[in-house]
Amino acid sequence: MPVYSPEDEQVVADLTQQTAFSADEIRNMQDNFKKLAASKKDDGLIDREEFKEMLSSHGSSAFVNGLFRMFDADADGYVDFKEFVISLSVYQNKNKTITEEEKLNLLFKIYDVDQDGEISRDDLFTVLKSCLESNYLTLDDGAVGMLVDATMKKHQLSAKGGIDFTEYSKAFQHRAAICL
């Protein structure tokens, strides 16, 4: 059974306050995180390559890069343990402290490939194609383009022709209202 330092226990205590994960779940995540963070370079952090390896990603890395941007909250190029658990809690709807807008902003980052503040047709095409490839699914570019075009037609596009964060948020609010 692993021995946890007082610092580790404080991190666990802090994360149980911020998330709906139990202390045991967080300790298990911590044990796995340490293994993942040591897979390429034993520095206690997960870099982009370790992250891609963790996801066993296949094909283009656009979707994985978007997820990495979500997990790397401080944009320093690495995911530390707190970022890891907080992002998982957001992704699994187990975060006690994040607002709905903050959650949507994190998810928006996955699709904003070029990080210009909008989801362009190219951004959406790239992420959708990458997501399909990472799951060993293939559609020809014409079929992916049709899905992207249908999605873009459903939204009020910005002056630049993309989906901005406001429109993205409206789409989620509308979807949530339908589900109620």
Side-chain angles (χ1 to χ4, degrees), residues 1-39 43-57 61-119 123-124 127 130-131 134 155 158 162-180:
M1 180 165 188
V3 176
Y4 297 96
S5 71
E7 293 84 13
D8 286 344
E9 287 300 327
Q10 186 58 54
V11 168
V12 170
D14 292 345
L15 289 170
T16 58
Q17 294 298 310
Q18 296 175 20
T19 72
F21 295 125
S22 70
D24 285 340
E25 288 173 316
I26 293 170
R27 284 187 199 97
N28 285 334
M29 283 187 245
Q30 192 172 39
D31 293 341
N32 289 321
F33 181 89
K34 287 177 181 180
K35 291 174 191 170
L36 291 167
S39 66
D43 58 1
L45 301 168
I46 295 176
D47 64 21
R48 193 176 301 270
E49 285 304 310
E50 289 167 323
F51 191 82
K52 185 175 180 179
E53 187 176 290
M54 172 186 76
L55 295 177
S56 301
S57 180
S61 59
F63 182 65
V64 173
N65 287 339
L67 285 173
F68 186 82
R69 282 192 305 276
M70 179 186 149
F71 275 72
D72 182 18
D74 62 7
D76 66 353
Y78 299 95
V79 177
D80 65 33
F81 181 64
K82 284 185 180 182
E83 288 174 320
F84 184 77
V85 174
I86 294 298
S87 293
L88 283 176
S89 74
V90 170
Y91 206 70
Q92 295 180 11
N93 210 23
K94 290 188 171 194
N95 191 293
K96 296 178 185 176
T97 61
I98 194 168
T99 66
E100 191 65 25
E101 184 173 344
E102 290 169 324
K103 179 179 179 178
L104 289 175
N105 192 36
L106 288 171
L107 296 171
F108 183 83
K109 288 180 182 182
I110 295 172
Y111 298 96
D112 185 12
V113 174
D114 57 12
Q115 301 174 50
D116 68 349
E118 291 192 352
I119 301 169
D123 289 340
L124 190 55
V127 171
S130 175
C131 187
S134 70
H155 296 281
S158 72
I163 300 169
D164 63 19
F165 181 72
T166 301
E167 180 62 21
Y168 180 81
S169 298
K170 283 184 205 173
F172 270 88
Q173 290 168 353
H174 177 70
R175 184 168 297 145
I178 290 172
C179 294
L180 293 177

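For the pair Asn95 and Glu102, the minimum side-chain heavy-atom distance is 4.5 Å or more. Residues Ser39 and Glu53 meet the side-chain proximity criterion, which asks for heavy atoms closer than 4.5 Å. Annotation: side chain of Val79 is not in contact with side chain of Met54 (no heavy-atom distance under 4.5 Å). You'll find the side chain of Leu88 reaches within 4.5 Å of the side chain of Phe71, heavy atoms only. By the 4.5 Å heavy-atom criterion applied to side chains, Met70 and Glu83 are not counted as neighbours. Using a 4.5 Å cut-off on side-chain heavy atoms (C-beta onward), His155 and Tyr168 make no contact. Phe108 has its side chain out of reach of Asp164: every pair of non-hydrogen atoms, C-beta onward, lies at least 4.5 Å apart. Proximity of Val127 to Ile119: side-chain heavy atoms (C-beta onward) are nowhere separated by under 4.5 Å.
Of the residues Phe33, Tyr78, Phe84, Phe68, the one that meets the ring pair (Phe, Tyr, Trp, His ring centres under 6.0 Å) test with Phe51 is Phe68.
For Ala20 against Glu25, the heavy-atom pair with the smallest separation is O-OE1, 4.2 Å. Pairing each heavy atom of Asp72 with each of Gly77, the nearest pair is OD2-N, 2.8 Å. Heavy-atom minimum distance, Glu49 versus Asp47: N-OD1, 3.1 Å. Of all heavy-atom pairs spanning Asp43 and Ala37, the tightest one is OD1-O, 3.5 Å.
Rounded to the nearest 0.5 Å, atoms CG (Asp123) and CG (Asp114) are 4.0 Å apart. For the atom pair OH of Tyr111 and CD1 of Ile163, the computed distance is 10.5 Å after rounding to the nearest 0.5 Å. With rounding to the nearest 0.5 angstrom, the CG atom of Leu36 is 8.0 Å from the CD atom of Glu50. Here CG of Asp76 is found 7.5 Å from CG of Leu45. Values are rounded to the nearest 0.5 Å. One finds the CG atom of Leu67 at 4.5 Å from the CD1 atom of Ile110 (value rounded to the nearest 0.5 Å). How far CG of Leu15 is from CD of Gln17: 10.0 Å, rounded to the nearest 0.5 Å.
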For this session: Dump the intermediate steps for side chain to side chain contact (heavy atoms under 4.5 Å, CB included) on Val11 and Val85, then the final yes or no.
Result: CA-CA 11 Å; Val11 168; Val85 174; over 6 Å; no
For this session: Output, in order, the C-alpha distance, side-chain angles, deciding distance and verdict of side chain to side chain contact (heavy atoms under 4.5 Å, CB included) for Leu107 and Lys103.
Result: CA-CA 6 Å; Leu107 296 171; Lys103 179 179 179 178; 4.3 Å; yes
For this session: Test Asn105 against Glu101 for side chain to side chain donor-acceptor pair (under 3.5 Å), laying out the working first.
Result: CA-CA 6 Å; Asn105 192 36; Glu101 184 173 344; over 6 Å; no
For this session: Using the side chain to side chain contact (heavy atoms under 4.5 Å, CB included) rule, take Leu55 and Phe63 through it: C-alpha gap first, then chi angles, then the decisive distance, then the call.
Result: CA-CA 11 Å; Leu55 295 177; Phe63 182 65; over 6 Å; no
Exercise. Does the pair Phe81 and Ile26 meet the rule for a side chain to side chain contact (heavy atoms under 4.5 Å, CB included), with working shown?
Worked result: CA-CA 10 Å; Phe81 181 64; Ile26 293 170; 3.9 Å; yes
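Around atom OH of Tyr91, no more than 12 heavy atoms belonging to other residues, nucleotides or ligands sit under 6.0 Å away. More than 12 heavy atoms of other shown residues, nucleotides or ligands fall within 6.0 angstrom of atom NZ in Lys96.
In summary, Glu9 and Arg27 engage in a salt bridge, as defined by a charged side-chain N under 4.0 Å from a carboxylate O. Taking the charged nitrogens against the carboxylate oxygens, Lys109 and Asp112 have no contact shorter than 4.0 Å, which rules out a salt bridge.
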